[in-house]
Structures are given as structure tokens and as C-alpha cells.
Amino acid sequence: MPKSRVGVLISGRGSNMAALLYASRAEDCPYEVVLVAANDPDAPGLALAAAEGVPTFARAHQGLKRAEFDAIIDAELTRAGCDHVALAGYMRLLSPEFVAKWQGRMVNIHPSLLPAHKGLHVHEAVLAAGETVSGCSVHLVTPELDDGPVLGQTRVVVLPGDTPDTLAARILIAEHQLYPRVLAALVQSRTSPDALLARVRQLALALPEAEEKLSHGSLGFFVRGGKFFAYFSYDHHHDGVTGLLVKASGVEEQAQLIENDPGLYYRPAYLGPSGWIGIRLDTGDNDWQHIEDWLTRSWRASAPKRMAMLPF
Ligand code: GAR
């Protein structure tokens, strides 16, 4: 299984970027850092990333509209083939377009136990409130600042005599542990065969009278009283591919689809000559609506006539 490709956005020191990068060097880490980009060409983290052999990109945001600047960063992420984005001390509000593009695939780390203490001057606020516990959170990025579903948190005790700096330093240790772990889990949940199968199964079995059974070593979905309409293919014939096989209209459409998008579609080994099409599920960037549409179409082509007419 290829590793997910992560772009890390920074504005300064980049110690969380370094934590993500060094964690990614473990063989079993499901992601690699393929780009470090900054909105400040002097961000110290850039020099470290470059010295570690990671491609970098820097552009000062001054003078550019938010959406314009984000489009430049987005183009770099796309050029680097990123499928996930990690914000690591990226001190910029993001445009709605950028957030929408990466929603579900973009995470941020924040040095508080969210939803408490969003924004800046977090540690000052924790101490002023006399709190005895603080910590850090990793969350999916949504349009609201420091908002979005929390994916993981670590609690850090506030010590008597803590200053904002001493508390920040201790929380930073926790951040460096938490961030790689949560990013790895997110990436895995989006690309692991088990997670992909669970999602496909949910969609396939939601179709009328759909059932599943093993067929020639692959899990197939069929319409009761009808034929198979989909197969989940995992490393079949050791091709390393996780994909969904559905019925196209024939080999002509199959060839067209592959020609138009060779990164997404492929010709499956046994069912290829019968006009089935393989859709890769392991790119880290699945369009589930598109997959659901294919399942529905394939279901219609396989269901007994009386059922294929059903409106749903
Ligand atoms: C980290 O403490 C991170 O949690 C915080 O900035 C610091 C960046 O340090 N981020 C935020 O406050 C985001 N709202 P780093 O550059 O060494 O990773």
C-alpha cells in the first residue's frame, strides 16, 4: 500500500512539522511528508525541512487576497501530489474555498483542550482562569477557526508556578507525541482496506435487496434473485491495489474511462473482458458520491427487471 502524501503548512519554528516528519520515517507509518510550505519565507522550519531533503515552498502572503494566496498554496499541494494537509503552527485564516477543497483531509493542532481556549494567547488564558489542566488537540479543519471535530487530545497538568512559557513548552512535548499518532490514524482510516471495505459495504448493502458473499476469493455484492453488481478487490493477484469493480456499459466505455482518468480507473483481470471497470479506492482521495453513483448504476444493470425500475 503506498503511503499517503502529506503537505505540512507552517509559519514559524516548525517543531510539529519536524515531529510529523520524523515519525513518518518509521517503516510502518502510513504517511510521508512530501511538501513543507510556509507563508513566510523566513520561517525557520523551512531550513530544517530542506536540510532533511523535503521539498519546500515559501511565499509571503502580504499584498495578496486570502483566496488568491490560498490558491497558490493549493496549486503547490496539488503539484506535490498531496492527499492530506497538516497545519503545524500555520498562523493564517483560510479561505472557504481552500477549506472546502481539503475538508476531511486537513488537520490542525492547537495547544489547548478544545473547545476551550480557541485563538491566540491560550496559555495566558488558561493561567488567568486558574485552570489546573490544559493540553493539546488535533482536529479536522472546518471554516471556523480552531473548530471542527476533535480527533485526539492529550491532557497536560498545569504546575504551580507555571508561566505561559513553561506551560507552552510542556504542552509542546505532548503535541509532538499526539500529532503524528492522530494523523497516522486519520490517514489509515481513509485508506486501510478494512476501512474502505466498511464504507463500500455500507453503500452496497443500502441498495434494495443487496446481499454479499465471497466469490473467487473476493467479496461480492449481488441483488437477491439477480446477479453480482460489485466486487471489493483487495490485493487481488498481488497487484497491491484496493479497488471496487462495477459494471460499465462495455469494453468501449471501459477503455474511455481508463483513458480519461488512468489514476482512478483500471481494467480488472478476470472481469475486464466482460466490460467491468475497476475504480481505485486506495488513492487517499475518494469521491464517495461518485462511488455510490457507480454502485447504483451497476445495481440497476444487475437487478431483475421488475426491480431495476424502482425509483430511488
Ligand atoms: C504550536 O504550539 C501549535 O499548537 C500552535 O503554534 C505552535 C507552533 O509551534 N498552533 C496554534 O496556536 C494554532 N491555533 P511549531 O511551529 O514549533 O510547531
Side-chain angles (χ1 to χ4, degrees), residues 1-64 66 68-95 98-99 101-102 105-111 120 136-141 146 151-152 154 168-169 171-188 190-191 283-285:
M1 165 82 72
K3 291 190 174 207
S4 273
R5 299 170 66 81
V6 174
V8 184
L9 305 187
I10 63 170
S11 295
R13 180 176 54 182
S15 72
N16 275 292
M17 176 276 295
L20 293 174
L21 174 63
Y22 294 132
S24 76
R25 299 253 165 96
E27 211 169 295
D28 62 352
C29 183
Y31 70 83
E32 59 183 318
V33 176
V34 295
L35 177 71
V36 173
N39 62 324
D40 174 0
D42 297 325
L46 285 172
L48 173 64
E52 288 289 0
V54 180
T56 60
F57 173 81
R59 178 78 185 259
H61 61 260
Q62 284 84 0
L64 288 169
R66 195 171 299 288
E68 277 169 9
F69 181 77
D70 286 356
I72 294 171
I73 296 290
D74 182 54
E76 290 303 316
L77 292 165
T78 304
R79 202 194 319 276
C82 296
D83 45 53
H84 288 76
V85 176
L87 308 181
Y90 190 59
M91 297 310 196
R92 256 191 85 67
L93 294 174
L94 300 168
S95 60
F98 187 82
V99 174
K101 161 103 190 263
W102 292 97
R105 302 182 288 146
M106 178 159 62
V107 281
N108 180 43
I109 187 152
H110 184 75
L120 297 173
C136 51
S137 311
V138 175
H139 64 96
L140 285 171
V141 177
D146 297 330
L151 302 179
T154 303
I171 290 178
L172 194 63
I173 298 172
E175 292 184 41
H176 295 166
Q177 310 291 315
L178 179 71
Y179 209 177
R181 186 161 54 75
V182 174
L183 179 59
L186 172 71
V187 157
Q188 207 128 40
R190 294 172 51 86
T191 56
T283 62
D285 188 17

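Quick caveat, the model's predicted, so the values are computed rather than measured.
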Quick test of your reading of the model: are Lys101 and Asp74 salt-bridged, counting only N-O distances below 4.0 Å? yes
Quick one: which residue pairs count as a salt bridge (charged side-chain N to carboxylate O under 4.0 Å, His left out) with a foot in residues 18-28, not counting sequence neighbours? Arg25-Glu52
Distance, nearest 0.5 Å, that separates OG1 of Thr283 from CG of Asp83: 7.5 Å
Distance col, row His84:NE2 vs Trp102:CH2, nearest 0.5 angstrom, shows 9.0 Å
Compare all side-chain heavy atoms of Phe57 with those of Leu77 and state whether any distance is below 4.5 angstrom. no
Surrounding CZ of Arg59 (heavy atoms of other residues, nucleotides or ligands, distance under 6.0 Å), is the total greater than 12? no
Whether Arg5 side chain and Val34 backbone form a donor-acceptor pair below 3.5 Å: no
Rounded to the nearest 0.5 Å, the NZ atom of Lys3 sits from the OG atom of Ser24 at a distance of 6.5 Å
Could you tell me whether a side-chain N or O of Asp70 sits under 3.5 Å from a main-chain N or O of Ser95, the two making a donor and an acceptor? yes
Does Val8 reach the side chain of Leu35, with side-chain heavy atoms less than 4.5 Å apart? no
Euclidean distance, Met106 CE relative to Tyr90 OH, rounded to 0.5 Å: 9.5 Å
Spacing of Phe69 atom CZ and Leu94 atom CG [to the nearest 0.5 Å]: 10.0 Å
Distance, nearest 0.5 Å, that separates CG of Asn108 from CG of Asp146: 6.0 Å
Taking distance alone, no hydrogens or angles, what donor-acceptor pairs closer than 3.5 Å link side-chain atoms of residues 38-48 to residues at least two apart or in another chain?
{"unit_1": "Asn39", "atom_1": "OD1", "unit_2": "Ser11", "atom_2": "OG", "d": "2.9"}
{"unit_1": "Asn39", "atom_1": "ND2", "unit_2": "His61", "atom_2": "ND1", "d": "3.1"}
{"unit_1": "Asp40", "atom_1": "OD1", "unit_2": "Asp42", "atom_2": "N", "d": "2.8"}

Give the minimum heavy-atom separation between Thr56 and Ala50, together with the two atoms involved. CG2-N, 3.9 Å
Can you give me every donor-acceptor pair (side chain of residues 173-187, partner residue at least two apart or in another chain, under 3.5 Å) with its distance?
{"unit_1": "Glu175", "atom_1": "OE1", "unit_2": "Asn16", "atom_2": "ND2", "d": "2.9"}
{"unit_1": "His176", "atom_1": "NE2", "unit_2": "Ser15", "atom_2": "OG", "d": "2.8"}
{"unit_1": "Tyr179", "atom_1": "OH", "unit_2": "Leu87", "atom_2": "N", "d": "3.3"}
{"unit_1": "Tyr179", "atom_1": "OH", "unit_2": "Leu87", "atom_2": "O", "d": "2.8"}
{"unit_1": "Tyr179", "atom_1": "OH", "unit_2": "Val107", "atom_2": "O", "d": "3.2"}

I'd like to know whether Ser4 forms a side chain to side chain contact (heavy atoms under 4.5 Å, CB included) with Thr191, so could you lay out the CA-CA distance, the side-chain angles of the two residues, the decisive distance to 0.1 Å, and finally the verdict. CA-CA 8 Å; Ser4 273; Thr191 56; 3.9 Å; yes
Begin with the C-alpha distance, continue with both residues' side-chain angles, and end with the deciding distance and a verdict on side chain to side chain contact (heavy atoms under 4.5 Å, CB included) for Val6 and Val85. CA-CA 5 Å; Val6 174; Val85 176; over 6 Å; no
